[in-house]
Amino acid sequence: MYIGFKNLHSFAADITLLFLLISILYAFYSLSKKALFTKKSKTIILLGLLASHLQFVLGLILYFLSPLGASNVSGEMMKNSVSRLYGLEHPLVMIIAIVLITIGYSKSKRATGDTAKFKKIAIFYSIGFLLILSRIPWKAWLANF
């Protein structure tokens, strides 16, 4: 079961990064063109939000199934950089990233102008995206390719 969730979490990471990147690029493009915030805009941006939330749920399940997750949390974990990454840094930074992405989506819903909506998405999604990229365990993730 652990291996299945690990593979699913890795596969979903590709989809999540793709949808977030599409959302960010769309927001910046729409800002530069001073485009209207349409139903299509909302759908594209919502896909980034939903993918990141689904990935978070999969990661949360994996955190409790993995031998590198919750069961590994200890004082000794802090001395090992790989254990610290999986047990503390990765989950904590991912939670912060998801919160920022969610705040960006919520603020864009409340913004009055189209430019303001795209600006909120561009800023918050970009920061969340960069945080996600900063704490991906690249060695393990790229080994899947």
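All values below come from the heavy atoms of this structure, side chains included, with hydrogens, waters and symmetry mates left out.
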Exercise. Kindly write out the residues that satisfy salt bridge (Lys or Arg N to Asp or Glu O under 4.0 Å) with K79, not counting sequence neighbours, or none if the list is empty.
Key: E76

Quiz item: To the nearest 0.5 Å, how far apart are CE in M78 and CG in N80?
Solution: 11.0 Å

Quiz item: Do side-chain atoms of S41 reach the backbone of T38 as a donor and acceptor pair under 3.5 angstrom?
Solution: yes

In residues 126-134, what donor-acceptor pairs under 3.5 Å come from side-chain atoms, sequence neighbours left out?
{"unit_1": "S126", "atom_1": "OG", "unit_2": "A122", "atom_2": "O", "d": "2.5"}
{"unit_1": "S134", "atom_1": "OG", "unit_2": "L131", "atom_2": "O", "d": "2.7"}

Quiz item: If you round to the nearest 0.5 Å, how far is CZ of F11 from OG1 of T16?
Solution: 10.0 Å

Pairs of donor and acceptor atoms involving the side chains of residues 29-37, under 3.5 Å and at least two apart or interchain, shall be tabulated with distances.
{"unit_1": "S30", "atom_1": "OG", "unit_2": "Y26", "atom_2": "O", "d": "2.8"}
{"unit_1": "S32", "atom_1": "OG", "unit_2": "Y29", "atom_2": "O", "d": "2.7"}

Practice problem: Would you sort out whether L62 and L8 count as a side-chain contact (heavy atoms from CB on, under 4.5 Å), showing the intermediate values? | Solution: CA-CA 10 Å; L62 185 60; L8 181 60; over 6 Å; no

Exercise. Would you give the length of the straight line joining atom NZ of K109 to atom CD1 of I121, rounded to the nearest 0.5 angstrom?
Key: 10.5 Å

Quiz item: In chain order, what residues pass the ring pair (Phe, Tyr, Trp, His ring centres under 6.0 Å) check against F56, with sequence neighbours excluded?
Solution: none

Quiz item: L25, F28: one ILVMFWY side-chain cluster at the under-4.5 Å cut-off?
Solution: yes

Quiz prompt | Point-to-point distance, once rounded to the nearest 0.5 Å, from CD1 of I95 to CD1 of I98 | solution = 9.0 Å

Quiz prompt | side-chain contact (heavy atoms from CB on, under 4.5 Å) involving I61 - partner list, sequence neighbours excluded | solution = F5, V57, L65

Quiz prompt | L100 side, atom CG; I123 side, atom CD1 - distance, nearest 0.5 Å | solution = 11.5 Å

Quiz prompt | Any pair counted as salt bridge (charged side-chain N to carboxylate O under 4.0 Å, His left out), so long as it reaches residues 84-105, sequence neighbours left out | solution = R84-E89, E89-R135

Could you go through residues 46-55 and list every donor-acceptor pair under 3.5 Å that involves a side-chain atom there, pairing it with any protein atom two or more places apart or in another chain?
{"unit_1": "S52", "atom_1": "OG", "unit_2": "G48", "atom_2": "O", "d": "3.1"}
{"unit_1": "S52", "atom_1": "OG", "unit_2": "L49", "atom_2": "O", "d": "2.8"}
{"unit_1": "H53", "atom_1": "NE2", "unit_2": "T102", "atom_2": "OG1", "d": "2.8"}
{"unit_1": "Q55", "atom_1": "NE2", "unit_2": "H9", "atom_2": "O", "d": "3.0"}
{"unit_1": "Q55", "atom_1": "NE2", "unit_2": "H9", "atom_2": "ND1", "d": "3.3"}

Practice problem: Given side-chain contact (heavy atoms from CB on, under 4.5 Å), test Y86 with S66 step by step and report yes or no. | Solution: CA-CA 9 Å; Y86 285 106; S66 172; over 6 Å; no

Self-check item: Same apolar cluster (I L V M F W Y, side chains within < 4.5 Å links), I103/V93
Solution: yes

Exercise. Consider only side-chain heavy atoms of I, L, V, M, F, W and Y, link residues closer than 4.5 Å, and tell whether L58 and M1 are in one cluster.
Key: yes

Quiz item: Listed by chain and number, what are the side-chain contact (heavy atoms from CB on, under 4.5 Å) partners of A111, not counting sequence neighbours?
Solution: A116, K117

Quiz item: S108 side chain to Y105 main-chain N or O, any donor-acceptor pair under 3.5 Å?
Solution: yes

Quiz item: Between H90 and P137, is any pair of side-chain heavy atoms under 4.5 Å apart?
Solution: yes

Quiz item: Quick one: CZ on F124 to OG on S23, what's the gap to the nearest 0.5 Å?
Solution: 15.5 Å

